[in-house]
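Following: one structure in structure tokens, then a few remarks.
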Amino acid sequence: ELMRDRLDLRFRETGHQNAYFPLFIPQSFLEREAAHVEGFAKEAAIVTHTRLKATDDGKLIPDPASKLEEPLIVRPTSETIIYEMFAKWVQSYRDLPLLYNQWANVVRWEMRTRLFLRTTEFLWQEGHTAHATHDEAEAEALQMLGVYREFMEGYLAMPVVVGQKSDSEKFAGALRTYTCEAMMQDNRALQNGTSHNLGQNFAKQFELKFASESGGEEYAWNTSWGVSTRMVGGLVMTHGDDKGLVMPPRVAPIQVVIVPIYRKDDERELVLAKAAEIVAALGGIRTHVDDRDKLTPGAKFFEWEMKGVPFRIEVGPKDIAKGQVVLARRIPEGEERKQFLPEADVLGSMAQRLEDYHTFLLDRARARRDANSHRGIDSYDRFREIMEGPGGFVYAGWCESAECEEKVKEDTKATIRCLPSEEFRSDPAPAKCLVCGADATTEAVWAKAY
RNA sequence: CGGGACGUGGCGCAGCCCGGUAGCGCACCUGAAUGGGGUUCAGGGGGUCGCGGGUUCAAAUCCCGCCGUCCCGACCA
């Protein structure tokens, strides 16, 4: 919920409006865009009937009499149905741009699912926009990629490599696809969010046209962009450890948990009153007092650690007498697991400690990623060694031939995660294609992916 | 669809090889003592052993068939 709210805020700040479009898409809509057909035909959930009928043995079967003339597809993504609507709404360049987002569940019947990372049904947001020019659409696609990156790094403490997808990896029907790629703790890549410049591909199929300023009739330029609950999986696999979840503080539902320590009723009263004081003093910070009776403090410690709460404050009668509290951070750094500190100091520094913890988690994840990123690899044998061994990201030259890309996939299962944006490119740029040794025309990041 | 494994109280598993009528941990209920890192002790409730058939005096256990789940692969924005 916190993640969604934060993203919605940024969508609004960048001029978008939330909307909601239909769940069912007429099959003919999907047929209109050729690449789209190929991309989604193999993984569709299809509605063919509208009624059930009881058989003699008490089972239910689809009533043959209710068979639909045209099947409905449970949306795998909403480009087609949204652009069908956009076409009705746009007449003039004055109606542009259209800037919408929707949160919706979509269905992709993959042969094999993976918890959080590739589920049959998943919740995502999909932004859809229509613009008058290519450049405006391109700027929008890049802007939203930036919003994603800023969110992943700034809120999830999850560093990403951003760049463009190769032709074979781009979205079905897109001109260009941009991506945020994170590295999990097993050194595999996770595509965490994508943004597409769809060009005029969909506009042409759905007659999304407008009268331009100069009086001509032109097709609109579309973008779409999305992140899903896959990010939750990414978060778990980026920060988690053997004790459980590790929540980055800016999206942690509970940032500070307070565990009161007491034995007798009078102590309980005293300590809970102090806990309430602490909560009040930490106004603006998401706190929770674990006042459950019949659970020992130790049991609570383990539970909140497993749930990844960034900080725990313990307070008991002895602490109150001394004006101190016990402070413990989910992932300690240098310090002891528990620190005995003056109450006032802890309360005064909590906001800063949360910020520092975010930075710590981000830096830690970035250091791990960088330690497992390989540059200057110019031998294909060496590349294979890396992929067959520890894995990780390999930055290397590419001749941009689909053959070389395919060979790598066959040999190692690694794929091109992206052609990195300038910020991530190697200096000097790799000269030769990693695979065929011809002159490289671009740099690519290879990795095994989820 | 190909390869592999597994189905036994709510959850996780042992028992199966070598048949004798079901057990452990967690969870749950009751009581008492405990309470600053997963409390302890005592008592208690809960299971068509995935389904069907066969062998046998006797099947969770052996045999045959089926169903289901998971993992690996093919697939995958």
Side-chain angles (χ1 to χ4, degrees), chain A residues 33 35-44 75-79 106-115 117-120 122 124 126 141 145 148 163-181 188-198 223-228 230-231 242-244 257-265 267-268 271 290-307 312-322 324-328 330 332 336-340 409-410 413 415-418 448-450:
Chain A
E33 214 289 326
H36 221 53
V37 171
E38 215 169 297
F40 294 109
K42 289 173 291 188
E43 50 186 55
R75 61 185 166 215
T77 180
S78 304
E79 273 79 4
V106 292
V107 168
R108 297 177 188 183
W109 217 278
E110 309 280 3
M111 282 178 176
R112 215 151 114 61
T113 58
R114 249 191 131 100
L115 190 62
L117 305 185
R118 190 179 304 110
T119 44
T120 300
F122 57 97
W124 77 345
E126 46 179 329
L145 185 76
Y148 288 155
Q164 189 179 334
K165 284 291 185 188
S166 67
D167 279 350
S168 74
E169 297 276 336
K170 76 180 184 190
F171 175 71
L175 200 58
R176 283 186 286 280
T177 290
Y178 299 100
T179 179
C180 294
E181 300 282 330
R188 289 165 80 108
L190 184 72
Q191 177 176 311
N192 244 321
T194 54
S195 180
H196 317 288
N197 180 340
L198 300 173
T223 79
S224 66
W225 26 274
V227 295
S228 72
R230 170 181 266 200
M231 268 195 311
D242 289 347
K243 290 180 183 173
V257 66
I258 297 141
V259 178
I261 311 289
Y262 53 81
R263 289 179 208 188
K264 301 168 198 131
D265 281 352
E267 284 178 348
R268 181 170 194 272
V271 167
D290 188 351
D291 60 358
R292 287 175 297 177
D293 247 329
K294 314 254 198 277
L295 263 189
T296 59
K300 294 177 182 177
F301 299 162
F302 275 85
E303 180 175 331
W304 294 115
E305 259 161 25
M306 186 174 69
K307 290 179 175 172
R312 179 182 73 241
I313 291 175
E314 301 167 27
V315 60
K318 290 180 217 161
D319 302 309
I320 295 174
K322 293 187 203 166
Q324 71 175 21
V325 295
V326 174
L327 181 69
R330 175 61 176 81
E336 294 295 314
R337 184 173 64 176
K338 287 186 183 194
Q339 298 185 87
F340 297 78
K409 194 171 178 180
E410 274 173 28
K413 298 204 168 147
T415 51
I416 293 177
R417 302 321 303 153
C418 70
K448 287 188 197 167
Y450 276 106

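Order of the sequence lines fixes the chain letters, A, B, ..., with proteins taken first and strands second; residue numbering starts at 1 for each chain. Computation of the quantities below employed the complete heavy-atom set of this structure, encompassing side-chain atoms and omitting hydrogens, waters and symmetry-equivalent molecules.
- Atom NZ of K294(A) and atom C1' of U39(B) are 14 Å apart (whole Å).
- The same atom, C1', is picked in G7(B) and in G50(B); the two are 6 Å apart, to the nearest Å.
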Q | Y262(A) and D291(A): CA distance, side-chain angles, deciding distance, side chain to side chain donor-acceptor pair (under 3.5 Å) verdict | A | CA-CA 10 Å; Y262(A) 53 81; D291(A) 60 358; over 6 Å; no
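- Scanning atom types as modelled, one donor and one acceptor separated by under 3.5 angstrom connect the side chain of E305(A) and the base of G37(B).
- Side-chain to base pairing of K300(A) with G38(B): no donor and acceptor N or O lie closer than 3.5 Å to each other.
- Rounded to the nearest Å, the gap between the P atom of C13(B) and that of A58(B) is 33 Å.
- Residue I416(A) holds its CD1 atom at 7.5 Å from CD of E169(A), rounded to the nearest 0.5 Å.
- When all heavy atoms are compared, the tightest approach of E181(A) to A189(A) is OE1-CB, 3.9 Å.
- Between G36(B), U39(B), G37(B), one nucleotide has an atom nearer to the side chain of T296(A) than all others, and that is U39(B).
- In this pair, F171(A) and H36(A) present their aromatic rings perpendicular. The plane angle is above 60°, beyond the 30 to 60° band.
- Residue G39(A) is out of contact with every strand shown, counting any heavy-atom pair closer than 4.0 Å.
- Comparing U34(B) with G47(B), their P atoms sit 36 Å apart, to the nearest whole Å.
- Rounded to the nearest Å, the gap between the P atom of C41(B) and that of G46(B) is 24 Å.
- Remark: R230(A) is not positioned above the aromatic ring of F122(A), lacking an NZ or CZ atom under 6.0 angstrom from the ring centre and at most 45 degrees off the axis.
- Helical stems in RNA chain B, defined as runs of 3 or more consecutive Watson-Crick or G-U wobble pairs with both donor-acceptor distances under 3.5 Å, are listed by first residue as B:1-7 with B:67-73, B:10-13 with B:23-26, B:28-33 with B:39-44, B:50-54 with B:62-66.
- Taking the P atoms as reference points, C1(B) lies 32 Å from A60(B), given to the whole Å.
- With hydrogens and angles left out, the side chain of R312(A) and the base of G37(B) share a donor-acceptor pair within 3.5 Å.
- Counting non-hydrogen atoms under 4.0 angstrom, K165(A) reaches nothing in the nucleic acid.
- What separates CD of E267(A) from P of G36(B) is a distance of 12 Å, to the nearest Å.
- Here the side chain of K338(A) is nearest to one of A74(B), G37(B), G35(B), namely G37(B).
- Residue contacts shown for P260(A) are absent, as no nucleic acid heavy atom lies under 4.0 Å away.
- The nearest pair of heavy atoms linking A299(A) to L295(A) is CB-CD2, 4.1 Å.
- Atom-to-atom distance recorded for Q164(A):CD and N197(A):CG is 9.5 Å, nearest 0.5 angstrom.
- Closest-nucleotide positions on RNA chain B for E43(A) and F340(A) were compared, and the one nearer the 5' end corresponds to F340(A).
- Between the CD1 atom of I261(A) and the P atom of G38(B) there is a distance of 12 Å, given to the nearest Å.
- When rounded to the nearest whole Å, the span between CG of L295(A) and P of U39(B) equals 8 Å.
- Taking atom CG of residue D319(A) and atom C1' of nucleotide G35(B), one finds them 15 Å apart after rounding to whole Å.
- Spacing between G4(B) and U8(B) at atom P, rounded to whole Å, works out to 22 Å.
- Using a 4.0 Å heavy-atom cutoff across all strands shown, T194(A) reaches no nucleic acid atom at all.
- The side chain of E110(A) has C75(B) as its nearest neighbour among C75(B), C72(B), G35(B).
- If you take atom P in A59(B) and the same atom in C49(B), they sit 11 Å apart, rounded to whole Å.
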Q. Is there a side chain to side chain donor-acceptor pair (under 3.5 Å) between T415(A) and R417(A) once you walk through the steps?
A. CA-CA 6 Å; T415(A) 51; R417(A) 302 321 303 153; 2.7 Å; yes
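- An OP1 or OP2 oxygen of C76(B) is reached within less than 4.0 angstrom by a side-chain nitrogen or oxygen of K42(A).
- Residue F302(A) is the one, among F302(A) and K409(A), whose nearest nucleotide of RNA chain B lies closer to the 5' end (criterion: closest heavy atom).
- Note on V259(A): nothing from the nucleic acid sits closer than 4.0 angstrom, heavy atoms only.
- At whole-Å resolution of the value, CZ in F301(A) and C1' in G36(B) are 6 Å apart.
- By the 4.0 Å N-to-carboxylate-O rule, E303(A) lies close enough to R292(A) to be salt-bridged with it.
- Distance from the side chain of P297(A) is smallest to G35(B) among G35(B), G38(B), A74(B).
- Taking atom NZ on K243(A) and atom P on G37(B), their separation rounds to 14 Å, with Å as the unit.
- Spacing between atom CZ of R118(A) and atom P of C72(B) amounts to 11 Å, rounded to whole angstrom units.
- Residue contacts for T179(A): at a heavy-atom cut-off of 4.0 Å it reaches no nucleic acid atom on any strand shown.
- Nucleotides G20(B) and G53(B), compared at atom P, are 22 Å apart to the nearest Å.
- Using a 4.5 Å heavy-atom cutoff, the side chains of E126(A) and V106(A) are in contact.
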